[in-house]
Asks: 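Before anything else, here's the structure in question.
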Number of protein chains: 2
Amino acid sequence: MRESKRKRLEAKGWRVGGTAEFLNLSPEEAAYVELKINLALKLREWRTRRQLTQGDLARLVKSSQSRVAKMEAGDPSVSLDLLVRTLLALGASSREIARTIAPPRRATAA
Amino acid sequence: MRESKRKRLEAKGWRVGGTAEFLNLSPEEAAYVELKINLALKLREWRTRRQLTQGDLARLVKSSQSRVAKMEAGDPSVSLDLLVRTLLALGASSREIARTIAPPRRATAA
DNA sequence: ATACTATATGTCATTATAGACATATCGTCA
DNA sequence: TGACGATATGTCTATAATGACATATAGTAT
């Protein structure tokens, strides 16, 4: 991506709720990493809900356990493409992905 | 990504409404390309709305005119990452991106 | 403690995507 | 017609992301 140094740092110190504005990120950079982190969290949620190990999922999407771990960790080396493709492979719909990226106003809440 | 041959074909013959199921794509592959195409269309919409040429936008996001053209054409060589980053750079919000990926139920409609 | 299973982390060679540049195509205006 | 501005398309080298593998670190049993 653009500057992998920064990314490396970002993804290290993240905290679940209200994620990444404590570093000197431009608004759109922050939005971008938040978006990725939300997808990452959702991915783990889906995988565990479906009772799959990282290895299982890796086989399912023809990747590797380590890459799945990195996806779920929001590692800067994983692309949106891979995250989205993997979520789709897990059965997520476009709408569910959209909701993950940004919940609609007044969501019914799970 | 996975099979660039296919992708090459996909992105060629696309039609705006109800996009890509006329090729032998798996459901999730289809969802993935639809998602990209929707973002591509939105990108052009935002750029033209803001009265920017592809060259202007390219400078804005430190890319090149040709890459912007490819983004808007849904070229398989452009990543979700680039599309999303560019939309964010144009001022789109996560919610707007989410709505582009999948409109919420019963949208108020523009 | 050891052994086993799941997950995390680091590295590497291969592959995909990047920006850049040339050039073709299109539209419009003189 | 030709010239100009915008967009499209093809190709290049450089860079980033990929799967694979090794290995470290939980966690949970016995």
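On a predicted model such as this, the values are computed, not experimentally measured, just so you know. Just so we're on the same page: letters track the sequence lines, and every chain starts at 1.
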Asks: Just to be sure I understand the rule, does A:Val78 reach a base, reach only the sugar-phosphate, or reach nothing, if contact means heavy atoms closer than 4.0 Å?
Replies: sugar-phosphate
Asks: Calculate the interatomic distance between A:Arg85 atom CZ and C:dA16 atom P; express it in whole Å.
Replies: 11 Å
Asks: How long is the line joining CG of B:Asp75 and P of D:dG10, in whole Å?
Replies: 9 Å
Asks: Identify, with sequence neighbours excluded, every residue that meets side chain to side chain donor-acceptor pair (under 3.5 Å) alongside B:Arg59.
Replies: B:Asp56
Asks: If you find the nucleotide of DNA chain D closest to B:Val68 and the one closest to A:Leu83, which residue's nucleotide is nearer the 5' end?
Replies: B:Val68
Asks: Salt bridge check, B:Arg85 against A:Glu29: does any charged N sit closer than 4.0 Å to a carboxylate O?
Replies: no
Asks: To the nearest 0.5 angstrom, please state how far the CG atom of A:Leu80 sits from the CD1 atom of A:Ile97.
Replies: 10.5 Å
Asks: Figure out the CE/P separation between B:Met71 and D:dA8, and round it to whole Å.
Replies: 13 Å
Asks: Has A:Ser63 got a side-chain N or O lying under 4.0 Å from the OP1 or OP2 atom of D:dG19?
Replies: yes
Asks: Let me know the distance between NZ of B:Lys62 and C1' of D:dA14, rounded to the nearest Å.
Replies: 18 Å
Asks: Taking side chain to side chain contact (heavy atoms under 4.5 Å, CB included) as the definition, give me every residue that meets it alongside B:Thr86, ordered by chain and number, with sequence neighbours left out.
Replies: B:Leu43, B:Leu57, B:Val61, B:Met71, B:Leu82
Asks: I'd like to check A:Asp75 versus A:Val78 (side-chain heavy atoms, cut-off strictly below 4.5 Å). Are they in contact?
Replies: yes
Asks: Apply side chain to side chain donor-acceptor pair (under 3.5 Å) to B:Gln65 and list each qualifying residue two or more places apart in sequence or on a separate chain.
Replies: B:Gln54
Asks: Which residues pass the side chain to side chain contact (heavy atoms under 4.5 Å, CB included) test with B:Ala98, sequence neighbours left out?
Replies: A:Ala98, A:Ile101, A:Ala102
Asks: Dump the intermediate steps for salt bridge (Lys or Arg N to Asp or Glu O under 4.0 Å) on B:Glu45 and B:Lys42, then the final yes or no.
Replies: CA-CA 5 Å; B:Glu45 190 182 317; B:Lys42 204 65 175 183; 3.5 Å; yes
Asks: For B:Leu82 and D:dA17, give me the distance from atom CG to atom P, rounded to whole Å.
Replies: 11 Å
Asks: Listing time: all N or O pairs from protein to nucleotides 4-7 of chain C that are below 3.5 Å?
Replies:
unit_1, atom_1, unit_2, atom_2, d
C:dT7, OP1, A:Arg47, NH1, 2.9
C:dT7, OP1, A:Arg47, NH2, 3.3
C:dT7, OP2, A:Gln54, N, 2.8

Asks: With the criterion being N/O to N/O and under 3.5 Å, what pairs connect the protein with nucleotides 11-13 of chain D, and how long is each?
Replies:
unit_1, atom_1, unit_2, atom_2, d
D:dT11, O4, B:Lys70, NZ, 2.9

Asks: Once rounded to the nearest 0.5 Å, what's the spacing between atom NZ of B:Lys70 and atom CZ of B:Arg67?
Replies: 5.5 Å
Asks: In whole angstrom, give the distance that lies between atom CG of B:Leu43 and atom P of D:dA8.
Replies: 11 Å
Asks: Any side-chain N or O of B:Ser79 below 4.0 angstrom from OP1/OP2 of C:dA18?
Replies: yes
